[in-house]
Amino acid sequence: IDTAGTRSFPKQWQSISLRDVTFGYGEGKILKRLNFTIRRGERIGVVGLSGAGKSTLFKLLLKEYENYTGKILIDETPLRQIKLASFIERTAVVMQETEVFNFSLKENITIANNRKARDAKLLEQTLKIAHVTDFVGRMPQGIETLIGEKGVKLSGGEKQRVGIARAVFKQPELLLLDEATSHLDSESEQKIQDSLHQVFKSVTAVVIAHRLSTIREMDRILVLEGGKIIEEGSFDELLKKKGRFAQLWQTQQF
Ligand code: ADP
């Protein structure tokens, strides 16, 4: 990871753009000449079959890989020039598996935003939005209950809600989310779905979307295949096109 950047994440940023971004190892390129812009406040869904390059695209946006060609710009500032610490401070990531630590439930949620760790109101709002309130009542010491390996074990759905809560509490500029599809019963899934819709109202989000109901909410959907964007548009636009997205949609209708 390149930590040599010296600039801060721009305060009043308006867009994040990829310009001719190509990335890959050796002969095989994983991402090929990607061009797109994320406007502030937009919710972008990224869809595509396994191996299409979705996770790799995320890693580029997260500054995990910097040996790409082309440009990733936040307004006019190259992402590479932004200090990693500043970048991390302004972004939040929710992956399919949320790691919980051997701390209290509260600490697990406030961990990414130390400056606001004592903000009881923000914490209360966060617990509601992420539907943590639904299971905190069952915990022996409520929000102060020790969780993780040495404490109370959480189910997959509960852990995911902790992950969402952690991201909400952070109040990020940019949220990157890889939706989980497995290990969730339909009740937890519905709750997580509700949480996410709440979260999306207030952030810029790029979501690897697996669930059809989430995809509908997106302002724009990028369809990746073989490392290229093969289609782009709103849910309705893409369905009308009767292209790859429409096909993917059909196959998921079982
Ligand atoms: P998706 O998230 O859409 O399933 P990925 O971004 O994980 O796709 O992978 C895209 C392609 O890049 C796949 O063919 C995968 O095998 C390849 N790939 C991913 N990571 C690496 C890596 N570290 N080294 C070599 N190939 C990789």
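Start at 1 with the first residue, then count along the sequence. As a basis for the values below, the full set of heavy atoms in this structure was taken, side chains included, without hydrogen atoms, waters or symmetry mates. Counting starts at 1 for both ligands and their atoms, in listed order.
- Closest to atom 24 (N) of ligand 1 among all protein heavy atoms lies Y25 CE1, 3.4 Å.
- For L49, every heavy-atom contact with ligand 1 shorter than 4.0 Å involves the backbone, none the side chain.
- In terms of protein heavy atoms, atom 4 (O) of ligand 1 is closest to G51 N, 2.7 Å.
- Taking the charged nitrogens against the carboxylate oxygens, K63 and E66 do have a contact shorter than 4.0 Å, which makes a salt bridge.
- For K128 and Q198, the side-chain atoms include no donor-acceptor pair closer than 3.5 Å.
- Between G53 and ligand 1, at least one pair of N/O atoms sits closer than 3.5 Å.
- Looking at E232 and K241, no side-chain N of the basic residue comes within less than 4.0 Å of a carboxylate O on the acidic one, giving no salt bridge.
- Ligand 1 places these atoms under 4.0 Å from at least one heavy atom of S55: 1 (P), 2 (O), 6 (O), 7 (O).
- For ligand 1, the atoms lying closer than 4.0 Å to a non-hydrogen atom of A52 are 1 (P), 3 (O), 8 (O).
- The side-chain tip of R7 does not point at the ring of F87 from less than 6.0 angstrom away and within 45° of straight on.
- The protein atom (non-hydrogen) at minimum distance from atom 27 (C) of ligand 1 is I30 CD1, 3.5 Å.
- Both the backbone and the side chain of T56 come within 4.0 Å of ligand 1, judged by heavy-atom distances.
- For the pair E144 (side chain) and Q141 (backbone), a donor-acceptor distance under 3.5 Å is absent.
- A salt bridge does not link R161 with E158: every distance from a Lys NZ or Arg NE/NH1/NH2 to an Asp or Glu carboxylate oxygen is 4.0 Å or more.
- With respect to E173 and R90, a salt bridge is recorded, a charged nitrogen being found less than 4.0 Å from a carboxylate O.
- In this structure, atom 15 (C) of ligand 1 has no protein heavy-atom contact shorter than 4.0 Å.
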